[in-house]
Engineer: 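Input: one structure, supplied below.
Chain identifiers are assigned alphabetically (A, B, ...) following the order of the sequence lines, protein sequences preceding nucleic acid strands; residue numbering begins at 1 within each chain.
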2 protein chains.
Amino acid sequence: MDLDLRKLRYFVAVAEHRHFGRAAEHLFIAQPVLSRQIRAFERELGCALLTRTTRSVELTAAGRQLHEEARRVLTTVDAAVRRVHEADRGVARLAVAFAPGLHVSEAVRAFADAHPGVEIDLIPLRWYDQHSPLHDGRAHVGFLRRPFDDTGLRTIPVGHEPRAAILPAAHPLAGRPSLLSADLEGEKLLDAQQRRAASIEEKLELIAAGYGIGVGPLSAARAYSRPDLALVPVTDAEPYETCLAAPEDNRDERVRDFLTIATKVLRG
Amino acid sequence: MDLDLRKLRYFVAVAEHRHFGRAAEHLFIAQPVLSRQIRAFERELGCALLTRTTRSVELTAAGRQLHEEARRVLTTVDAAVRRVHEADRGVARLAVAFAPGLHVSEAVRAFADAHPGVEIDLIPLRWYDQHSPLHDGRAHVGFLRRPFDDTGLRTIPVGHEPRAAILPAAHPLAGRPSLLSADLEGEKLLDAQQRRAASIEEKLELIAAGYGIGVGPLSAARAYSRPDLALVPVTDAEPYETCLAAPEDNRDERVRDFLTIATKVLRG
DNA sequence: CGCGATTGATACCCTCGGGGTATGGACCTC
DNA sequence: GAGGTCCATACCCCGAGGGTATCAATCGCG
């Protein structure tokens, strides 16, 4: 059931040489061993990867896919090992996630100045996936916009952001500098939460095509803006609250320091 | 040298149970085997992962890092295997990369309508990393903005995009609806290519802080826009050329069809 | 303080899988 | 059809992974 990385490297060699003999030579093993390992690999995966004749070796569809995946897998693994060694040598690391449209660079820079030894990973979040990277450990700390699932998270509110209507450029209200909620009465609102599978791009397409209008945080909407859409702030709508978040059981010094520094920077 | 995924899963079990006996039970192996495997793993990696006493098991810094990396590695591997199986069952896949600010959703939707069985992966590109995903196979096709390294790529020009000056909001030219190159005489230009390591966010910080101005494609600059920056089109500057690109040796039907459909959509 | 319980480490054995060499069998070239 | 090329098969060996039995260290408790 477990993918074997050695066999994966073997497969990559064969896929790239399209020749068992030369691939084996390149891997410093004997050719029959390679043949056997590749067969075993195909058996483990449950599908054929290569079509072999005595005169040629070609990739099947699954083989081509695996060849592409291999690159991703092997670079991921190598990066993982490298980061573990760094951690062992004392290099600290902090993964900061941020929602689209929110800017963390100033806070990150302030933190980096105070902690020159800490490597920062910036993780841009998607519209509908604000909480999972914090919950599953991909990020140590996040800069998010409510609402999101904050169970198990410690959150620190740092600001507010106005709502904006997202309209087709040809919409009668598109030219207005600002709107009131009442102006949007009777408009068809495409609910952001309606279909989580749908991408934000798709929703914007629908708006541009005239199927309805959207409402969202101004900065985030601007990050995805396009010439055929207009953004108009809705002045009397409840603003979005932005906040810093981290797992609440986290007593990591880096995280604590980042939260205090970022809170100062983002509120100031 | 090769990370062993079996040992990695073993390690994850111990890291999460903080207990060899229960972890072993959970893995359906005997406890002494687990102890030995973890020791071997530490020896292979060349660093300690756990601090054990007879009464407790704790993670070292390297161990905590590996625990985080493990999630990434294992999900990457599982996704890879799943996609290979899909490919084997005949599910085709097309990875479409696009530069920041360029919109592919319309073309992707047109292609998806014509090829309902093809799964589309959208790969957003970074400012300074436009070519590598096409060259290393992470993407089958790309929607890019010149200049980029097109060696080995077949490219199809599909449009042009005006240059825009990126100015601090307080800059005297910030209020103008458009500019001529001559207006920017004497301004300090922060060259986009100067430091590839520097993130675009950092460059925008520098501009906002008044260290100089930038010039970039209008749509891309807008995608990163912020309240303290102004974007003003430079009307007489050479526009950026946008084009579709794919490895030139690629005779894949999906890629060919995507290129023809996308060319039609993007030019129309 | 001494005894049992708990828990990770060690010792020792067995099996299986990855590595090797020798060789077969298919297919192309001439 | 003879020879060369190339992948597959047959067979052997050794080391790594798995198991059981047991030790050693620590904690709890009377």
Engineer: Measuring to OP1 and OP2 of D:dA16, would you say a side-chain N or O of B:Lys7 lies under 4.0 angstrom away?
Structural biologist: no

Engineer: For B:Glu241, which residues count as a salt bridge (charged side-chain N to carboxylate O under 4.0 Å, His left out) partner, sequence neighbours excluded?
Structural biologist: B:Arg146

Engineer: For chain B and DNA chain C, what are the first and last nucleotides along the strand, 5' to 3', with at least one atom under 4.0 angstrom from a heavy atom of the protein chain?
Structural biologist: C:dT6 to C:dT10

Engineer: Assess whether side-chain contact (heavy atoms from CB on, under 4.5 Å) is satisfied between B:Val96 and B:Phe111, documenting all intermediate values.
Structural biologist: CA-CA 11 Å; B:Val96 182; B:Phe111 177 82; over 6 Å; no

Engineer: Name every residue in residues 34-43 of chain B that has at least one heavy atom under 4.0 Å from any atom of DNA chain C, in order of residue number, or write none if there are no such residues.
Structural biologist: B:Ser35, B:Arg39

Engineer: Students often mix this up, so state it plainly: with edges at 30° and 60°, are the rings of A:His26 and A:His17 parallel, tilted or perpendicular?
Structural biologist: tilted

Engineer: For the CZ atom on A:Arg71, are there more than 12 heavy atoms of other groups (residues, nucleotides or ligands in this structure) within a distance under 6.0 Å?
Structural biologist: yes

Engineer: By salt bridge (charged side-chain N to carboxylate O under 4.0 Å, His left out), which residues pair with B:Asp136, not counting sequence neighbours?
Structural biologist: B:Arg138

Engineer: Starting at atom OH of B:Tyr10, determine the distance to atom P of D:dG17, rounded to an integer number of angstrom.
Structural biologist: 9 Å

Engineer: Mind checking what makes side chain to side chain donor-acceptor pair (under 3.5 Å) contact with A:Thr263, not counting sequence neighbours?
Structural biologist: none

Engineer: Do A:Asp257 and A:His115 have side-chain N/O donor and acceptor atoms under 3.5 Å apart?
Structural biologist: yes

Engineer: Let's see if you get this right: which residues in residues 21-32 of chain A place a heavy atom under 4.0 Å from DNA chain C?
Structural biologist: A:Phe28, A:Ile29, A:Ala30, A:Pro32

